[in-house]
Amino acid sequence: MTPPRPLGKAARAARSRNKDGAAFDPALDDGALATVRDALARGRWTEARRLLAETGDDWDRRGHRLVVLAEGPSSLAWAREWQLAEPDSPDAAALLACATVFRAVSGKDSPETARAACLVAARMAPTDPSPWLAVLILARRTGTDDERVRAFDQVRARHRDHHHAHHLMAACLAEHQDGDRDDPLHEVYDFASWAAEQAPADSPLAVLPVVAHAERYRVLARAGLEPGDPARSGHWTSRRARQVMKAAFDWWLEWDIDENDEHADGCTGSAHPRRKVDLNYLAHAKLHEGRLAEAAALLTRIGPHATREPWSYPDQDAGRAFQDARRAALGSA
(Lines give C-alpha, C1' and ligand atoms only; values in the text may rest on other atoms or scores of the structure.)
Protein backbone atom coordinates (compact mmCIF):
# COMPACT_ATOMS: atom_id res chain seq x y z
CA MET A 1 0.00 0.00 0.00
CA THR A 2 1.39 3.38 -0.98
CA PRO A 3 0.55 6.05 1.63
CA PRO A 4 -1.24 9.12 0.29
CA ARG A 5 0.86 12.17 -0.35
CA PRO A 6 0.95 14.28 2.84
CA LEU A 7 -0.65 17.68 2.87
CA GLY A 8 1.65 20.64 2.42
CA LYS A 9 2.03 23.22 5.16
CA ALA A 10 -0.45 25.63 3.60
CA ALA A 11 -3.04 22.91 3.09
CA ARG A 12 -2.63 21.68 6.66
CA ALA A 13 -3.11 25.20 7.95
CA ALA A 14 -6.22 25.62 5.82
CA ARG A 15 -7.59 22.33 7.06
CA SER A 16 -7.20 23.31 10.72
CA ARG A 17 -8.76 26.77 10.35
CA ASN A 18 -12.12 27.74 9.01
CA LYS A 19 -12.87 30.86 7.04
CA ASP A 20 -13.22 32.92 10.22
CA GLY A 21 -9.73 32.01 11.38
CA ALA A 22 -10.71 29.74 14.32
CA ALA A 23 -8.24 26.91 14.83
CA PHE A 24 -9.62 23.42 15.41
CA ASP A 25 -6.42 21.46 15.84
CA PRO A 26 -7.04 18.26 17.85
CA ALA A 27 -3.45 18.45 19.12
CA LEU A 28 -4.64 21.42 21.20
CA ASP A 29 -1.69 23.06 22.95
CA ASP A 30 0.69 20.10 22.62
CA GLY A 31 3.28 21.58 20.27
CA ALA A 32 5.46 18.47 20.33
CA LEU A 33 2.51 16.35 19.25
CA ALA A 34 1.65 18.67 16.35
CA THR A 35 5.26 18.54 15.13
CA VAL A 36 5.41 14.74 15.33
CA ARG A 37 2.04 14.37 13.62
CA ASP A 38 3.36 16.38 10.66
CA ALA A 39 6.52 14.26 10.61
CA LEU A 40 4.43 11.06 10.63
CA ALA A 41 2.45 12.34 7.64
CA ARG A 42 5.78 12.47 5.79
CA GLY A 43 6.64 8.92 6.81
CA ARG A 44 9.01 9.75 9.68
CA TRP A 45 7.57 7.29 12.18
CA THR A 46 10.72 7.25 14.29
CA GLU A 47 9.68 10.62 15.71
CA ALA A 48 6.35 9.13 16.79
CA ARG A 49 8.28 6.28 18.42
CA ARG A 50 10.38 8.78 20.39
CA LEU A 51 7.36 10.86 21.46
CA LEU A 52 5.39 7.86 22.69
CA ALA A 53 8.42 6.50 24.53
CA GLU A 54 8.85 9.85 26.27
CA THR A 55 5.16 9.93 27.18
CA GLY A 56 5.54 6.73 29.20
CA ASP A 57 2.60 5.79 31.42
CA ASP A 58 1.01 9.24 31.53
CA TRP A 59 -2.11 7.51 30.29
CA ASP A 60 -4.23 10.57 29.51
CA ARG A 61 -1.39 12.14 27.52
CA ARG A 62 -0.59 8.84 25.80
CA GLY A 63 -4.21 8.34 24.78
CA HIS A 64 -4.46 11.92 23.52
CA ARG A 65 -1.27 11.60 21.48
CA LEU A 66 -2.17 8.23 20.01
CA VAL A 67 -5.61 9.42 18.94
CA VAL A 68 -4.27 12.57 17.27
CA LEU A 69 -1.45 10.69 15.54
CA ALA A 70 -3.84 7.97 14.37
CA GLU A 71 -6.33 10.31 12.73
CA GLY A 72 -4.01 11.28 9.86
CA PRO A 73 -4.92 9.91 6.41
CA SER A 74 -1.55 8.16 6.04
CA SER A 75 -1.15 7.06 9.66
CA LEU A 76 -2.27 3.48 9.10
CA ALA A 77 0.28 2.93 6.35
CA TRP A 78 3.16 4.33 8.39
CA ALA A 79 2.06 2.45 11.51
CA ARG A 80 2.29 -0.74 9.46
CA GLU A 81 5.77 0.26 8.30
CA TRP A 82 6.77 0.79 11.91
CA GLN A 83 5.29 -2.53 13.02
CA LEU A 84 7.11 -4.38 10.24
CA ALA A 85 10.36 -2.83 11.41
CA GLU A 86 9.63 -3.45 15.11
CA PRO A 87 7.03 -6.22 15.44
CA ASP A 88 7.45 -6.42 19.22
CA SER A 89 6.77 -2.72 19.82
CA PRO A 90 3.62 -2.08 21.92
CA ASP A 91 3.68 1.53 20.74
CA ALA A 92 3.59 0.51 17.08
CA ALA A 93 0.75 -1.92 17.82
CA ALA A 94 -1.21 0.75 19.69
CA LEU A 95 -0.82 3.28 16.88
CA LEU A 96 -1.83 0.67 14.32
CA ALA A 97 -4.89 -0.23 16.40
CA CYS A 98 -6.01 3.38 16.76
CA ALA A 99 -5.47 4.11 13.07
CA THR A 100 -7.44 1.00 12.10
CA VAL A 101 -10.29 2.12 14.36
CA PHE A 102 -10.51 5.47 12.58
CA ARG A 103 -10.53 3.67 9.24
CA ALA A 104 -13.40 1.50 10.47
CA VAL A 105 -15.33 4.46 11.88
CA SER A 106 -15.09 6.16 8.48
CA GLY A 107 -16.33 3.01 6.72
CA LYS A 108 -12.99 2.17 5.08
CA ASP A 109 -12.33 -0.97 7.12
CA SER A 110 -14.42 -3.44 9.06
CA PRO A 111 -15.12 -3.07 12.78
CA GLU A 112 -13.99 -6.68 13.24
CA THR A 113 -10.56 -5.90 11.78
CA ALA A 114 -10.24 -2.83 13.99
CA ARG A 115 -11.28 -4.65 17.13
CA ALA A 116 -8.82 -7.47 16.41
CA ALA A 117 -5.99 -4.94 16.07
CA CYS A 118 -6.99 -3.38 19.40
CA LEU A 119 -6.97 -6.75 21.15
CA VAL A 120 -3.49 -7.49 19.78
CA ALA A 121 -2.25 -4.16 21.15
CA ALA A 122 -3.96 -4.81 24.49
CA ARG A 123 -2.23 -8.18 24.87
CA MET A 124 1.16 -6.60 24.15
CA ALA A 125 0.67 -3.96 26.89
CA PRO A 126 -1.77 -5.33 29.49
CA THR A 127 -1.62 -2.24 31.75
CA ASP A 128 -2.13 0.31 28.97
CA PRO A 129 -5.72 1.65 28.72
CA SER A 130 -5.08 3.10 25.25
CA PRO A 131 -6.05 0.01 23.18
CA TRP A 132 -9.30 -0.16 25.16
CA LEU A 133 -9.85 3.55 24.54
CA ALA A 134 -9.63 2.69 20.85
CA VAL A 135 -12.20 -0.11 21.39
CA LEU A 136 -14.48 2.45 23.06
CA ILE A 137 -14.09 4.90 20.16
CA LEU A 138 -15.04 2.04 17.83
CA ALA A 139 -18.00 0.95 19.97
CA ARG A 140 -19.19 4.55 20.19
CA ARG A 141 -19.87 4.44 16.44
CA THR A 142 -20.40 0.78 15.59
CA GLY A 143 -21.12 -1.14 18.78
CA THR A 144 -23.90 -1.88 21.25
CA ASP A 145 -24.52 -0.33 24.65
CA ASP A 146 -23.05 -3.42 26.31
CA GLU A 147 -19.91 -3.21 24.17
CA ARG A 148 -19.45 0.44 25.11
CA VAL A 149 -19.82 -0.27 28.80
CA ARG A 150 -17.40 -3.20 28.67
CA ALA A 151 -14.79 -1.11 26.84
CA PHE A 152 -15.20 1.76 29.32
CA ASP A 153 -14.80 -0.64 32.24
CA GLN A 154 -11.58 -2.00 30.71
CA VAL A 155 -10.21 1.54 30.38
CA ARG A 156 -11.21 2.50 33.89
CA ALA A 157 -9.71 -0.69 35.35
CA ARG A 158 -6.33 0.55 34.07
CA HIS A 159 -6.75 4.28 34.67
CA ARG A 160 -9.70 5.17 36.87
CA ASP A 161 -9.88 8.83 35.86
CA HIS A 162 -9.29 8.49 32.12
CA HIS A 163 -10.49 11.80 30.69
CA HIS A 164 -11.27 10.89 27.07
CA ALA A 165 -13.07 7.68 28.06
CA HIS A 166 -15.36 9.55 30.45
CA HIS A 167 -16.20 12.09 27.74
CA LEU A 168 -17.05 9.28 25.33
CA MET A 169 -19.29 7.55 27.85
CA ALA A 170 -21.08 10.81 28.63
CA ALA A 171 -21.80 11.23 24.92
CA CYS A 172 -23.05 7.65 24.65
CA LEU A 173 -25.31 7.82 27.71
CA ALA A 174 -26.73 11.20 26.68
CA GLU A 175 -28.16 9.54 23.58
CA HIS A 176 -30.50 7.35 25.63
CA GLN A 177 -33.79 9.17 25.10
CA ASP A 178 -37.06 8.22 26.79
CA GLY A 179 -40.03 10.54 26.61
CA ASP A 180 -40.41 13.97 25.10
CA ARG A 181 -38.45 16.14 27.53
CA ASP A 182 -35.21 16.38 29.44
CA ASP A 183 -35.25 14.29 32.60
CA PRO A 184 -33.24 15.94 35.41
CA LEU A 185 -32.61 12.43 36.72
CA HIS A 186 -31.28 11.19 33.37
CA GLU A 187 -28.52 8.61 33.73
CA VAL A 188 -25.90 10.81 32.03
CA TYR A 189 -26.26 13.39 34.79
CA ASP A 190 -25.88 10.70 37.45
CA PHE A 191 -22.86 9.27 35.66
CA ALA A 192 -21.14 12.64 35.37
CA SER A 193 -21.82 13.56 39.00
CA TRP A 194 -20.55 10.19 40.17
CA ALA A 195 -17.36 10.48 38.10
CA ALA A 196 -16.68 14.01 39.34
CA GLU A 197 -17.19 12.95 42.95
CA GLN A 198 -14.92 9.90 42.58
CA ALA A 199 -12.06 11.82 40.95
CA PRO A 200 -9.22 13.57 42.81
CA ALA A 201 -9.81 17.22 43.69
CA ASP A 202 -7.55 18.51 40.90
CA SER A 203 -9.02 16.26 38.19
CA PRO A 204 -10.63 17.95 35.18
CA LEU A 205 -13.40 15.38 35.50
CA ALA A 206 -14.88 18.04 37.78
CA VAL A 207 -16.13 19.60 34.52
CA LEU A 208 -17.80 16.37 33.32
CA PRO A 209 -21.28 17.43 34.55
CA VAL A 210 -21.02 20.44 32.20
CA VAL A 211 -20.04 18.10 29.36
CA ALA A 212 -23.03 15.88 30.15
CA HIS A 213 -25.31 18.91 30.01
CA ALA A 214 -24.05 19.89 26.56
CA GLU A 215 -24.33 16.32 25.26
CA ARG A 216 -27.95 16.15 26.41
CA TYR A 217 -28.68 19.42 24.64
CA ARG A 218 -27.21 17.97 21.42
CA VAL A 219 -29.51 14.96 21.63
CA LEU A 220 -32.62 16.91 22.64
CA ALA A 221 -32.12 19.56 19.94
CA ARG A 222 -31.64 16.97 17.21
CA ALA A 223 -34.84 15.29 18.39
CA GLY A 224 -36.68 18.61 18.10
CA LEU A 225 -37.16 18.87 21.88
CA GLU A 226 -34.92 21.94 22.24
CA PRO A 227 -34.36 24.86 19.85
CA GLY A 228 -31.68 24.21 17.24
CA ASP A 229 -30.10 27.54 18.19
CA PRO A 230 -28.57 27.13 21.66
CA ALA A 231 -28.93 30.88 22.26
CA ARG A 232 -32.71 30.37 22.24
CA SER A 233 -32.63 27.41 24.62
CA GLY A 234 -33.19 27.60 28.35
CA HIS A 235 -31.15 24.42 28.81
CA TRP A 236 -28.37 26.24 30.67
CA THR A 237 -30.53 28.45 32.89
CA SER A 238 -32.36 25.98 35.12
CA ARG A 239 -31.49 25.92 38.81
CA ARG A 240 -29.75 22.58 38.48
CA ALA A 241 -27.77 23.71 35.43
CA ARG A 242 -26.62 26.87 37.18
CA GLN A 243 -25.40 24.84 40.15
CA VAL A 244 -23.42 22.57 37.83
CA MET A 245 -21.88 25.51 35.97
CA LYS A 246 -20.94 27.32 39.19
CA ALA A 247 -19.25 24.24 40.67
CA ALA A 248 -17.23 23.70 37.48
CA PHE A 249 -16.23 27.35 37.21
CA ASP A 250 -15.18 27.44 40.86
CA TRP A 251 -13.07 24.34 40.24
CA TRP A 252 -11.40 26.07 37.29
CA LEU A 253 -10.61 29.16 39.38
CA GLU A 254 -8.92 26.96 41.98
CA TRP A 255 -7.11 24.43 39.83
CA ASP A 256 -6.32 25.98 36.46
CA ILE A 257 -2.61 25.89 35.55
CA ASP A 258 -0.77 28.78 33.92
CA GLU A 259 -0.29 28.16 30.20
CA ASN A 260 3.43 28.88 30.44
CA ASP A 261 4.11 26.08 32.90
CA GLU A 262 6.49 23.56 31.35
CA HIS A 263 6.20 19.81 31.54
CA ALA A 264 9.13 17.48 32.09
CA ASP A 265 9.04 16.46 28.42
CA GLY A 266 9.45 20.07 27.29
CA CYS A 267 5.83 20.68 26.30
CA THR A 268 4.16 23.88 27.39
CA GLY A 269 0.51 24.29 28.15
CA SER A 270 -2.01 23.31 30.80
CA ALA A 271 -1.08 20.38 33.01
CA HIS A 272 -3.71 18.08 31.56
CA PRO A 273 -3.38 17.39 27.81
CA ARG A 274 -7.13 17.73 27.17
CA ARG A 275 -7.96 20.56 29.56
CA LYS A 276 -8.67 22.90 26.64
CA VAL A 277 -11.53 20.57 25.74
CA ASP A 278 -13.07 21.19 29.16
CA LEU A 279 -12.58 24.93 28.88
CA ASN A 280 -14.46 25.00 25.57
CA TYR A 281 -17.41 23.17 27.13
CA LEU A 282 -17.36 25.47 30.15
CA ALA A 283 -17.09 28.66 28.06
CA HIS A 284 -19.97 27.45 25.86
CA ALA A 285 -22.09 26.80 28.97
CA LYS A 286 -21.28 30.14 30.58
CA LEU A 287 -22.10 31.98 27.38
CA HIS A 288 -25.55 30.38 27.15
CA GLU A 289 -26.11 30.81 30.87
CA GLY A 290 -25.69 34.53 30.24
CA ARG A 291 -22.53 34.90 32.35
CA LEU A 292 -20.53 36.86 29.80
CA ALA A 293 -17.71 37.98 32.13
CA GLU A 294 -17.02 34.37 33.11
CA ALA A 295 -17.26 33.26 29.48
CA ALA A 296 -14.79 35.99 28.53
CA ALA A 297 -12.26 34.77 31.10
CA LEU A 298 -12.54 31.24 29.75
CA LEU A 299 -12.32 32.29 26.11
CA THR A 300 -9.20 34.29 26.90
CA ARG A 301 -7.65 31.18 28.47
CA ILE A 302 -8.71 29.03 25.51
CA GLY A 303 -6.92 31.36 23.09
CA PRO A 304 -6.65 29.73 19.65
CA HIS A 305 -7.42 26.23 20.96
CA ALA A 306 -11.06 25.99 19.94
CA THR A 307 -12.73 22.58 19.74
CA ARG A 308 -15.56 21.71 17.36
CA GLU A 309 -17.58 20.22 20.21
CA PRO A 310 -19.68 21.76 21.72
CA TRP A 311 -19.64 24.85 19.47
CA SER A 312 -21.10 22.77 16.64
CA TYR A 313 -24.05 21.54 18.74
CA PRO A 314 -26.53 20.56 17.54
CA ASP A 315 -25.78 21.36 13.88
CA GLN A 316 -24.06 24.74 14.02
CA ASP A 317 -21.05 25.98 12.08
CA ALA A 318 -18.47 25.60 14.83
CA GLY A 319 -16.18 28.34 13.56
CA ARG A 320 -18.96 30.87 13.29
CA ALA A 321 -20.37 29.91 16.70
CA PHE A 322 -16.96 30.29 18.32
CA GLN A 323 -16.35 33.67 16.71
CA ASP A 324 -19.83 34.83 17.71
CA ALA A 325 -19.06 33.77 21.28
CA ARG A 326 -15.84 35.80 21.25
CA ARG A 327 -17.64 38.85 19.91
CA ALA A 328 -20.38 38.56 22.51
CA ALA A 329 -18.06 38.00 25.46
CA LEU A 330 -14.94 39.92 24.46
CA GLY A 331 -16.34 42.48 22.08
CA SER A 332 -14.09 41.32 19.21
CA ALA A 333 -13.25 38.25 17.18
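Keep in mind that what you see is a predicted model, and the values were worked out from it rather than measured.
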Would you mind writing out the side-chain donor-acceptor pairs for residues 119-135 within the sub-3.5 Å range, not counting sequence neighbours?
{"residue": "Asp128", "atom": "OD1", "partner": "Ser130", "partner atom": "N", "Å": "2.8"}
{"residue": "Asp128", "atom": "OD1", "partner": "Ser130", "partner atom": "OG", "Å": "2.8"}
{"residue": "Asp128", "atom": "OD2", "partner": "Arg62", "partner atom": "NE", "Å": "2.8"}
{"residue": "Asp128", "atom": "OD2", "partner": "Arg62", "partner atom": "NH2", "Å": "3.1"}

Please collect all salt bridge (Lys or Arg N to Asp or Glu O under 4.0 Å) contacts where either partner lies in [range], sequence neighbours excluded, each pair once.
range	result
residues 106-120	none
residues 134-153	Arg140-Glu175, Asp145-Arg148
residues 285-300	Arg242-Glu289, Lys286-Glu289, Lys286-Glu294, Arg291-Glu294
residues 157-169	none

Please write out which residues are connected to Leu225 in a hydrophobic cluster, directly or through intermediates, given that two of Ile, Leu, Val, Met, Phe, Trp, Tyr count as joined at side-chain heavy-atom separations below 4.5 angstrom.
Leu220
Side-chain heavy atoms of [X] within contact of [Y], under 4.5 Å:
X	Y	value
Tyr281	Glu215	yes
Pro26	Glu71	yes
His284	Trp311	yes
Asp60	His164	no
Leu28	Arg275	no

Applying salt bridge (charged side-chain N to carboxylate O under 4.0 Å, His left out), name anything that partners Asp57, two or more places apart in sequence or on another chain.
none
For Asp178, look at atom CG and say whether over 12 heavy atoms of other residues, nucleotides or ligands are found less than 6.0 Å away.
no
Can you list the residues that meet the side chain to side chain contact (heavy atoms under 4.5 Å, CB included) rule with Ser238, with sequence neighbours excluded?
Arg240, Ala241
Can you name the residues that form a side chain to side chain contact (heavy atoms under 4.5 Å, CB included) with Glu187, not counting sequence neighbours?
Leu173, His176
Ring pair (Phe, Tyr, Trp, His ring centres under 6.0 Å) partners of residues 29-49, not counting sequence neighbours, each pair once:
Trp45-Trp82
Could you tabulate the donor-acceptor pairs under 3.5 Å formed by side-chain atoms of residues 201-208, not counting sequence neighbours?
{"residue": "Ser203", "atom": "OG", "partner": "Leu205", "partner atom": "N", "Å": "3.1"}

Could you pull out every donor-acceptor pair under 3.5 Å between side chains of residues 190-197 and any protein atom, sequence neighbours left out?
{"residue": "Ser193", "atom": "OG", "partner": "Tyr189", "partner atom": "O", "Å": "3.0"}

Regarding Lys246 and Asp250, does a basic nitrogen lie under 4.0 Å from an acidic carboxylate oxygen?
yes
